[in-house]
**Q** 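Okay, handing you the structure first.
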Amino acid sequence: MNLAAEVNETLANYSNVLIYSAMAVYTLAFLAHIAEWVFGSRSAVGRTAAAITVEAADRPRAQVTVQTGGNTAEKGGTAVLERPKVVTRSAAGSRDVPDGPGAAGGSEQGDVYGRIAVGLTVLAFLFHAAGVLARALSVQRAPWGNMYEFSTTFAMVAVATYFTLLALKKNVRWIGLPLVTTVLLDLGLAVSVLYTDSDQLVPALHSYWLWIHVSCAIISGAALYIGAVSTLLYLFRDRYEAQLEDPEGKQPGRFASSVLERVPSAASLDKFAYRINATIFPLWTFTIIAGAIWAEAAWGRYWGWDPKEVWTFITWVAYACYLHARATAGWKGRKAAYLALIAFGCYLFNYYGVNIFVTGKHSYAGV
Amino acid sequence: MSTTDTDTAADKAAGASAEERELGAAGSQLSTAPSEEISLPSLGVLGWARWFWRQLTSMRVALLLLFLLSLGAIPGSLIPQTSIDALKVQTFKDKHPTLTPIYEKLQLFNVYSSVWFSAIYILLFISLIGCIVPRTWQFIGQLRGRPPGAPRRLTRLPAYTTWRTEAEPEQVLRAAQRIMKGRRFRTESSGDAVAAEKGYLREVGNLLFHVALIVLLVSFAAGQLWKFEGSKLVVEGDGFSNSLVQYDDRKSGQLFNSDDLAPFGFQLDRFTATYERSGPQMRTPRTFNADVTYWDGADGAERKTRIKVNEPLEIAGYKVYLLNHGYAPVVTVRDGKGEIAYKGPVAGLPIDGANLTESMVIKVPDYRNKAGKKDQIAFQGQFLPTWVRSQGMFSVFPALDNPTLVLTAYHGSLGIDGGTPQSVYQLDKSRMKQFMESDGTSKYARALAVGDTMKLPNGAGSLKFEGVKEWASFQISHKPGTEGALIGAVAALVGLAASLFIQRRRVWVRAVTGKDGTTVVEMAGLGRSESAKLPEELADLAVRLQADAPPATEPEPERQPEPEPEAQSAPESENESENESEKESAPESENESPESDGEPASDSGPVAGGTDPADPSEGAHA
Ligand code: HEM
């Protein structure tokens, strides 16, 4: 009676079971991360990290020697090849603060828990990815036809981005706990509030631009999310460093110190966030262009100020603002960071807010 | 570190950072971003005008305008917009009588064409042009110029390396120039040093991006001004030819001329739709296909094609989109004398989205009653593609499972003779009388299956429900500038990628004879940003250069860094920068270089580390 593929109920059920399993394993990963942070706070290195940080701010740190060639000089310091020692020097006015030791704070036990957490996250991710795949197979189309599917895929891509960064040996293990926490929240929301049975799409969504446009939007969002977490942490860490720099002023509380002394330095976090945002901005631009091409094909106009389009545009302009702010005297640093957070807020609103509160042409995807 | 400042006069006025002065010309013009001048204008109209222009084209104002643009776009997404859904605007207005006049004053129902929104983006684009033009000139100037000479102290640059070699200084410099040329650096040799620069494409990309934004906006505006858009409902078997009178409704841009309508047409041969039969999304449409025969030009050849929701027919610069569909019951109406008064399909107006219940109005103006007197009759009611008796007068499924036509009838004056336009979907009953059942009290109405006939009371005529055709409505639109917008968008993307991923950087190599008679080779790099790649690239170059200038055998004693007092004394660097002539690389560095051998990094210790090639925050001046 219809040409579209029949829903394969069995696969859809498998998908649900897999997603629930993934959530269970993510929960274990979450607990392992908590253990990592708790042991880290008790470790000797962790406790003295604050002191090191202050000292380091006051005097030039001994050089860190990092091999070039295979890998990028990750932290500051010296990039060394066989013979030529390349000496790097930081920008004037920036704090020379080393990165914190990481969540485990140098505690071996903490580190073991941290590794377990990452391992569990990998396992959970496999369930998660299998769940998304089963869902896609059950409907024989891209697994992002409604908000439930979009949420599960989104979380999956965020975790994949994290793994990619880890594999590239970027200093991102600190993001494990916040990431797993949000993934759990996102999946929880998806299975409870946003759940929609697997089914076909209305004809307007049949287009290969669906694949291109939405997959780019999801990848952008997942990466921008990691950028936003980093930016947020930058704001805390920056204030923490500023407080340490000024011993007369208000000092950070014990809990704040315990957490913040272990994360990377404000400068590293800021740069990490910038790199992600700047790398993703062209992809986000492409997402909009792809959306416009699709809209042209489906509705006869590439741009119609539909609420979803408007918020995509607002998000884009907000990130352009952020990039401009970083190039403008007096705006880089904290102010630019606020802009980046606003920009990510726009992305989130575009996704949840516009789908739920505003009706427009895009709202037929089904909440 | 480096600088985005370009014009040196403004530089001084604005008070460049100590670092910048220290590096002097070496770091200048790595970018062509406008300078941030905050000085107050000198008096006079011209002074103020210049000041205003400078403000408008500054990054600060560009930032502000961008921010305003995103803020300004928000209300349009929350308040219904006339251009998108006029009906919703009307509902909103009826619901909010107090807010409406305020909103109307603020043009909140037409945000994207409002004066204030236009003002923001026009200012932004003036600012953009005011930004691009001088930057382009500057950039061309830079292309014609040469990479700036080596700063006096290479140790102060963000990436630095040095070694001693037995090779002669000239030989080393020649090799350095050859190697860097081979790596597509632009090089310039002067005195004891070679200067090289690379990554000009970054600036090209940035300019391309900003120019592309203008192309995009102009194309968008052209599309708005010359657009033409109309819709047409076509019943299976009927046709459409592109002329104004054929459209059911139409919109056109201010500059569109209706004489320009291209001659083409099409006929709807068949429309098919399928629906989900089960599951939570039961009755959502799965496929819509409109099979048409079309022709381009007054007597062009006929061709067949299928129009789908995402696949419009493109013809003569127009696009024909499938917009909507519904049913058109085919009826035969006979008058009181038994003559056919009307025969054909009548399109219904869908009144519930999912199940395609349609409201029907059939107007029959040419009608004679039993006595042969001229009169007019009309039928009103509903068409239900799937009628289930127990479920009331609404269709329960959108497909034609049990098509039923439920009608009642009127006679009198349709009110269409006066020439006032009237909707075909509405019946003006003010001068019509409803037919009554023969008992005289209840209203006459019938539910017809295909093939059924309803006979009006007292031999007033009949209506036979012959069958059902589908209708499809099409949007026919012509929008120039779409290609321009696409080109602009793609160019913006390319420019953006170049501007964000390419790093502009400079490398200097200096070779002088040291105290012990060997040659001291120094290499230093400077980028717009502190980059992990820059030290790597420098190390790479150094390794290559060492093929021609092998390090002297006697190994350097590894000593721990000792802070060089000279490196940290701010006053000294201040003095240096006062002296403009010293900025350019000069031979007097001879004495310095040997000092800075070993581990010159002690200078200022570690760095905040590896960055992306083009972090502008690093490039911008404090
Ligand atoms: C439609 C509005 C605009 C958008 C969307 C936009 C977007 C961008 C983006 C995404 C960048 C990042 C490239 C990079 O970081 O290198 C950038 C850089 C830049 N923009 Fe714009 N821009 C706009 C208007 C303007 C205006 C009006 C000006 C002039 C005042 C301007 C001047 C610049 C400059 C100088 C840079 C390079 C900054 C640097 O050298 O690091 N832009 N723009």
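Predicted, not measured: the structure shown is a model, and the values here were computed from it. Lettering follows sequence order; numbering is per chain, from 1.
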**Q** Between B:Leu64 and chain A, which part of the residue has a heavy atom less than 4.5 Å away: side chain, backbone, both or neither?
**A** neither
**Q** With a 4.5 angstrom heavy-atom cut-off, could you sort out which part of A:Phe272 is near chain B: side chain, backbone, both or neither?
**A**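 Contact with chain B involves no heavy atom of A:Phe272 at all.
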**Q** Chain B: which of A:Gly304, A:Ala325, A:Cys346 shares the most heavy-atom pairs with it under 4.5 Å?
**A**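 Of the candidates given, the most pairs with chain B belong to A:Ala325.
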**Q** Do A:Val317 and B:Phe67 have side-chain heavy atoms sitting under 4.5 Å apart?
**A**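 When only atoms from C-beta onward are counted, B:Phe67 and A:Val317 do not touch, as no gap falls below 4.5 Å.
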**Q** Does some side-chain heavy atom of B:Ser77 sit less than 4.5 Å from a side-chain heavy atom of A:Val354?
**A** no
**Q** Can you tell me how far apart CH2 (A:Trp284) and CG (B:Leu496) are? Round to the nearest 0.5 Å.
**A** 14.0 Å
**Q** Any chance you could lay out the side-chain contact (heavy atoms from CB on, under 4.5 Å) test for B:Val111 and A:Trp305, step after step, and finish with the verdict?
**A** CA-CA 10 Å; B:Val111 166; A:Trp305 297 109; over 6 Å; no
**Q** Which one, B:Leu71, B:Val320, B:Leu493, B:Ile476, leads in non-hydrogen pairs under 4.5 Å with chain A?
**A**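 Most heavy-atom pairs under 4.5 Å with chain A: B:Leu493.
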**Q** Below 30° counts as parallel, above 60° as perpendicular, anything between as tilted: where do the rings of B:Phe220 and A:Tyr302 land?
**A**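 Plane angle over 60°, so perpendicular.
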**Q** Quick check: do B:Arg60 and A:Trp331 have side-chain heavy atoms less than 4.5 Å from each other?
**A**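 They are in side-chain contact.
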**Q** Measure distances from B:Ala524 to the heavy atoms of chain A and classify the residue's part below 4.5 Å as side chain, backbone, both or neither.
**A** neither
**Q** Any heavy-atom pair between the side chains of B:Ile74 and A:Val310 that's under 4.5 Å?
**A**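 A side-chain contact under 4.5 Å is absent here.
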**Q** If you tally heavy-atom pairs under 4.5 Å against chain B, which of A:Leu339, A:Ile314, A:Thr315 wins?
**A** A:Ile314
**Q** Within a radius of less than 6.0 Å around CZ of B:Arg544, do more than 12 heavy atoms belonging to other residues, nucleotides or ligands occur?
**A** no
**Q** Can you tell me how far apart CG (B:Leu63) and CZ (A:Arg326) are? Round to the nearest 0.5 Å.
**A** 13.0 Å
**Q** Using 4.0 Å as the upper bound for N to carboxylate O, is an ion pair formed by B:Lys479 and A:Glu296?
**A** no
**Q** Starting at CD1 of A:Ile289, measure out to CG of B:Leu216 and round the result to the nearest 0.5 Å.
**A**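 So the CD1 of A:Ile289 and the CG of B:Leu216 are separated by 7.5 Å.
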**Q** For A:Ile288, which atoms come within 4.5 Å of any heavy atom of chain B: side chain, backbone, both, or neither?
**A** neither
**Q** Show the nearest heavy-atom pair for residues B:Leu500 and A:Ala278, with the distance to one decimal.
**A**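 Answer, listing the atom of B:Leu500 first, then A:Ala278: CD1-O, 3.3 Å.
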**Q** Once you round to the nearest 0.5 Å, how far does CG of B:Leu66 lie from OH of A:Tyr319?
**A** 15.0 Å
